Amino acid sequence: MATVVDHVGVVHLVVTRHALVRQVLADPVTFRPDNALDAVTPLPVAALRVLAEHRFRLPPTLANNGGASHPEIRGIVADALHPTRVAAQRPWLTGLVRERVVRLRAALDGGVPVDLYADLAADLPLLVLARLVELPDAPVGAVKEFARAALELFWAPLDEARQLALAAEVGRFHTVLRGFAATGGGLAARLRAAGHPPDVVVGALFFLLVAGQETTSQFLTLLLHRLTGEPAVRAGLRDGSVAVADVVEEGLRLEPPIVTWRRVAAVDATLGGTTVPAGTGMVLWLARAGRDPDVVPAPDEFRPGQRGSRRHLAFGAGAHRCVGAQLARLEAAVVVAEAAPLLDGVRVVRPPWYPDNLTFRMPDAFVVARP
Ligand code: HEM
């Protein structure tokens, strides 16, 4: 554990060891999730005004909800993402990825570079999510822009001009969500029927549209990039000695799209022998916990199926553990099974670039070509 002062002078307790991160996540009474969606760079009055014009609010709903309404809201979202409904998407998703892989292979064979983020990973999770949860009828590009703007606005170090631009972008889409939350069917209708106020319905849709698709497209890109440098793993996939599911887990352990997650101490507490005063903001370094040598024998090596590989905390743990884990795993498994062979013999033309962000990786492109 270390005490770190951030870019605006706020002090955080950073927790890296697997056992301690797990302990915090498993105890939402002592370490509450209330600060999960707080802006890392406090929003200036001008940006707050822009958001207020769009009636933007993020009440405790899912990830930031330590209150009594959490189990019921979570239950309704979990029903929409029930493992049976998720598994039923596999044939459709496989068909879609296969089609894309055929096109990408033809381009590579013809000497044309391809962007595995833009041309394969970016929109897949949103397309799948839209089959499971009724969403506002908005173009894929508009949702992606809004989601990325939200991840930047709440989790990046920013100057005021950028905050204003992002607040306008996030606010605009929030208005669309508010309209849909009032009249939309499916999940929105079920939340309304259970008596949850409009702000909560908007909050749930907001979180799903951000967490439920952006994270997964980031992960698919990170994993494909990692596999490009792991020829032995690809050979194992080819000859069947390495299981796709094990590759996905090792990918989540080593390349999680969500690097850190936050909690706040609700009372004076002790963690690993250190006193944690009430009110301490805690940054749980999920990515680092995945490389804890107490948990995995070869922490930095991509060894699918190694002991401890599945004990990563990429999806969090406890009462707030990711509800979409099954869906994210399915998407990654299909992409690895179908697209890993594309990586044989490619050269990386442009590795992903990652902007400065406390929590999300946000790759911008991943271009490969055949020499
Ligand atoms: C690789 C992709 C993903 C990663 C790494 C990821 C990771 C996480 C993490 C770290 C949390 C916080 C857990 C905690 O506080 O203990 C979380 C929460 C959540 N995630 Fe995911 N997630 C992914 C994909 C998804 C998908 C596809 C969906 C839905 C379609 C989703 C929906 C949610 C929801 C609703 C929560 C809040 C749960 C609650 O507070 O009860 N996530 N996720």
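These numbers come from a predicted model, not from an experiment. All ligand and atom numbering here is 1-based and tracks the order in the structure.
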So which protein heavy atom does [atom] come closest to, and at what separation?
atom                    : result
atom 24 (C) of ligand 1 : Thr215 OG1, 3.4 Å
atom 27 (C) of ligand 1 : Gly212 O, 3.3 Å
atom 6 (C) of ligand 1  : Phe315 CD2, 3.7 Å
atom 32 (C) of ligand 1 : Gly324 N, 3.8 Å

Does Leu313 approach ligand 1 within less than 4.0 angstrom via side chain, backbone, both or neither, non-hydrogen atoms only?
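Looking at Leu313 and ligand 1, no heavy atom falls under 4.0 Å.
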Using a heavy-atom cut-off of under 4.0 Å, does the side chain or the backbone of Val133 touch ligand 1, or both, or neither?
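None of Val133 does.
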Would you call [X] and [Y] a salt bridge, using N to O less than 4.0 angstrom?
X      : Y      : answer
Glu255 : Arg361 : yes
Asp246 : Arg303 : no
Asp364 : Arg350 : yes
Asp119 : Arg100 : no
Lys144 : Asp123 : no

Without hydrogens or angle criteria, can the side chains of His7 and Thr41 be said to hold a donor-acceptor pair below 3.5 Å?
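On atom types as modelled, these side chains qualify, holding a pair under 3.5 Å.
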Checking His18 against Asp294: is there a side-chain donor and acceptor pair closer than 3.5 Å?
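No donor-acceptor contact under 3.5 Å links the two side chains.
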Check for a donor-acceptor pair, side chain of Asp27 on one end and backbone N or O of Phe31 on the other, with a separation under 3.5 Å.
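Checking the backbone N and O of Phe31 against the side chain of Asp27, no donor-acceptor pair under 3.5 Å is found.
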Within the side chain of Asp268, is there an N or O that forms a donor-acceptor pair under 3.5 Å with the backbone of Pro277?
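No; judged by distance alone, with no hydrogens or angles, the pair does not exist.
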Per-atom contacts of ligand 1 with [X], taking only distances under 4.0 Å to non-hydrogen atoms:
X      : value
Leu129 : 30 (C)
Ala328 : 1 (C), 2 (C)
Ala317 : 16 (O)
Leu25  : 16 (O)
Thr216 : 2 (C), 24 (C), 27 (C)
His70  : 39 (C), 40 (O), 41 (O)

Check whether any heavy atom of [X] sits under 4.0 Å from an atom of ligand 1.
X      : value
Gly318 : no
Ala63  : yes
Leu286 : yes

Looking at Thr359, Leu25, Thr260, which hits side-chain contact (heavy atoms from CB on, under 4.5 Å) with Leu286?
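Among Thr359, Leu25, Thr260, the one that satisfies the side-chain contact (heavy atoms from CB on, under 4.5 Å) with Leu286 is Leu25.
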Identified side-chain contact (heavy atoms from CB on, under 4.5 Å) counterpart of Val276 within the set Thr30, Leu13, Val264:
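Going through the options one by one, the only one that passes is Leu13.
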Minimum non-hydrogen distance to [atom], winning option of [options]:
atom                    : options                : result
atom 17 (C) of ligand 1 : Ala211, Pro257, Cys322 : Cys322
atom 7 (C) of ligand 1  : Gly316, Ala314, Pro33  : Ala314
atom 36 (C) of ligand 1 : Phe219, Trp261, Phe207 : Phe207
atom 40 (O) of ligand 1 : Arg321, His320, Glu331 : His320

If you measure every N or O of [X] against every N or O of ligand 1, does any of those distances drop under 3.5 Å?
X      : answer
Leu62  : yes
Arg263 : yes
Gln213 : no

Evaluate the ring planes of Phe360 and Trp261, with Trp represented by its six-membered ring, and classify them as parallel (under 30°), tilted (30 to 60°) or perpendicular (over 60°).
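Phe360 vs Trp261 ring planes: perpendicular.
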Does Phe146 have its ring centroid less than 6.0 Å away from the ring centroid of Phe206?
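Under 6.0 Å, so yes.
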